[in-house]
Amino acid sequence: MSRVFNFNAGPAALPLPVLEQVREDLPEWHGCGMSVLEMSHRAEPFLSIARQAGIDLRKLLGVPDGYHVLFMQGGATAQFAAVPMNLLGEHRSADYVVTGTWSQKAAEECGKYGQARIAARPADGRFTRVPPHAEWKLDPDAAYLHYTPNETIAGVEFHWVPEGINVPLVADFSSSFLSHPVDVKRFGLIYAGAQKNAGAAGITIVVVRKELLDRKPLTQLPKVLDYREMAARDSMMNTPPTFAWYVSGLVFRWLLDQGGLEGIAAVNARKSGQLYDYIDSEAFYVNPVDKTARSRMNVVFTLADAARDADFLAGAKRAGLVGLKGHRSVGGMRASLYNAVPEEAVKTLVEYMREFARTHG
Ligand SMILES: *Cc1c(COP(=O)(O)O)cnc(C)c1O
């Protein structure tokens, strides 16, 4: 077997012990005579898998009793619509802090159902920093304030949680979910697609404060996006993505074994720190993001000469380093360092970058 070092932005690397467990559980799960892929979502074997995943996630993230944990479909993109449709209620508008492509898309989708007020956006139009809280223009009557703690494409991350916000805080945690401890109490709603840091594509996790579901949803709200329906039926209002749910459960277990979110956060800080330190030490590579807002999950960088990009990527591939091409909208390179990317991958990447700079600089 030869596995590469996988820096894909999503779907992305999964922990090897999780993949090995999946293999062991095929074609038969725990003496059931069938695999998880083939089980009824209404029968006990799958119900126990689903229940345990919920328990483990609550433990890992420290989800208080006053919150529902929902397992949904449609990715973060479906949540761009679900959030306003469920939470606008009697409010006319919601506030959005725009720090990159994803928060921009979230705001645009909200605009179909109500008004998305832009509370803040970098004045220079470049997504290289997080506008300081003092610059935000907040509406005290907003339904909620939405922001994206980690912008996957620009490599921009909040290293703080907005404080003193008098409306519920809603966060798209897709690309930094479970990468460090989070104080759930400070949020009204958190959502994340699993395929970046918490499993396979096909399942989306929503953690929502129960009292927010007292708001009156839009009458056109599809049943599959209705948090009340999902909460009342333990996320089994219709057929859930059973296999993806099971894989997420294995990832939660693996994270608990890594010392939980404190443990994995320490590893993540070392990984991104090592790569940024090297980039900063070498004029051949540039990271454009303000140092206070650099992402610990998605490290973007450009080469001094963009004409070398193709050579860089081809050589990286030969060295077993894949998934380093930057998003098509920004170009350059991006190394996604999600939880399942080992420290050895970063070490190997830095060695490759050093050698490439030496021979092409
Ligand atoms: C990947 C990503 C999305 C889009 O997720 P889908 O599951 O493809 O809908 C949205 N927001 C962030 C921050 C992301 O990283």
Side-chain angles (χ1 to χ4, degrees), residues 6-14 70-86 94 96-112 116 121-122 127-130 144-159 161-162 169-180 182 187 189-207 222 224-225 235 240-241 243-245 247-248 251 268 272 289 293-300 323 325-330 334-341:
N6 179 354
F7 297 95
N8 278 332
L14 282 165
L70 309 176
F71 293 87
M72 298 180 68
Q73 301 190 58
T77 305
Q79 295 305 315
F80 294 169
V83 166
M85 291 184 113
N86 278 280
Y96 282 74
V97 174
V98 174
T99 49
T101 309
W102 292 117
S103 41
Q104 175 72 41
K105 285 187 196 260
E108 283 165 13
E109 190 72 11
C110 171
K112 296 181 182 170
R121 187 205 302 267
F127 296 130
T128 54
R129 59 191 272 273
V130 167
Y144 55 83
L145 173 73
H146 180 285
Y147 81 115
T148 304
N150 184 64
E151 281 285 357
T152 323
I153 294 174
V156 171
E157 185 174 13
F158 280 75
H159 291 252
V161 174
L169 198 54
V170 174
D172 172 4
F173 263 103
S174 291
S175 51
S176 53
F177 192 55
L178 307 180
S179 67
H180 58 80
V182 163
F187 296 85
L189 188 147
I190 284 171
Y191 63 93
Q195 73 272 22
K196 313 290 169 61
N197 227 1
I203 196 156
T204 312
I205 293 146
V206 176
V207 179
V224 287
L225 293 184
S235 306
F243 201 74
W245 196 333
V247 174
S248 283
V251 171
N268 287 334
S272 55
V289 182
R294 284 173 158 183
S295 171
R296 291 161 284 189
M297 291 285 104
N298 311 98
V299 178
V300 298
K325 194 168 165 42
H327 190 270
R328 59 191 185 280
S329 64
V330 292
R334 168 174 55 178
S336 295
L337 309 181
Y338 299 129
N339 290 339
V341 174

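Atoms within a ligand are numbered from 1 in the order they appear, just like the ligands themselves.
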Are any of the heavy atoms in Ser174 under 4.0 Å away from ligand 1? yes
Under 4.0 Å from a heavy atom of Gly75: give me the atoms of ligand 1 that qualify, with their elements. 7 (O), 9 (O)
Would you say ligand 1 has an N or O under 3.5 Å from any N or O of Thr148? no
Single hit among Glu151, Glu109, Arg121 for side chain to side chain donor-acceptor pair (under 3.5 Å) with Gln104: Arg121
Test item: Ser248 side-chain N/O and Trp245 main-chain N/O as donor-acceptor pair under 3.5 Å: no
Main-chain N/O of Ala76 paired to Asp172 side chain as donor or acceptor, under 3.5 Å: no
Using 30° and 60° as the class boundaries, would you call the ring planes of Tyr147 and Phe158 parallel, tilted or perpendicular? perpendicular
Heavy atoms only, cut-off 4.0 Å: how does Lys105 contact ligand 1, side chain, backbone, both, or neither? neither
I want to confirm something. Looking only at heavy atoms, which of Asn298, Asp172, Thr204 is nearest to atom 12 (C) of ligand 1? Asp172
State if Glu151 counts as touching ligand 1 under the rule of any non-hydrogen atom under 4.0 Å. no
Need the ligand 1 atom indices (1-based, order shown) with element for anything under 4.0 Å from a heavy-atom of Asn150. 13 (C)
Closest contact, heavy atoms only, Leu178 versus Ala198: CD1-CB, 4.1 Å
Contact with ligand 1 for Phe80, non-hydrogen, under 4.0 angstrom: yes
The residue among Pro240, Ser235, Pro241 that forms side chain to side chain contact (heavy atoms under 4.5 Å, CB included) with Ile203 is Pro241
What protein heavy atom lies closest to atom 5 (O) of ligand 1? Include the residue and the distance to one decimal. Ala76 CB, 3.6 Å
Checking Tyr338 against Asn268 for the side chain to side chain donor-acceptor pair (under 3.5 Å) test, could you report, in this order, the C-alpha distance in whole Å, the side-chain angles of both residues, the deciding distance, and whether it holds? CA-CA 8 Å; Tyr338 299 129; Asn268 287 334; over 6 Å; no
Give the residue, atom name and distance (to 0.1 Å) of the protein heavy atom nearest atom 14 (C) of ligand 1. Lys196 NZ, 2.9 Å
Tell me, which protein residue and heavy-atom name are nearest atom 9 (O) of ligand 1, and how many Å apart are they? Thr77 OG1, 2.5 Å
Backbone of Arg294 reached by a side-chain donor or acceptor of His159 within 3.5 Å: yes
Suppose we measure from atom 8 (O) of ligand 1 to each protein heavy atom; which comes out shortest, and what is that distance? Gln195 NE2, 3.8 Å
Thr152 neighbourhood, listing ligand 1 atoms whose heavy-atom distance to it stays under 4.0 Å: 12 (C), 13 (C), 14 (C), 15 (O)
Ser176 versus Asn150, closest heavy-atom pair with distance: OG-CB, 3.5 Å
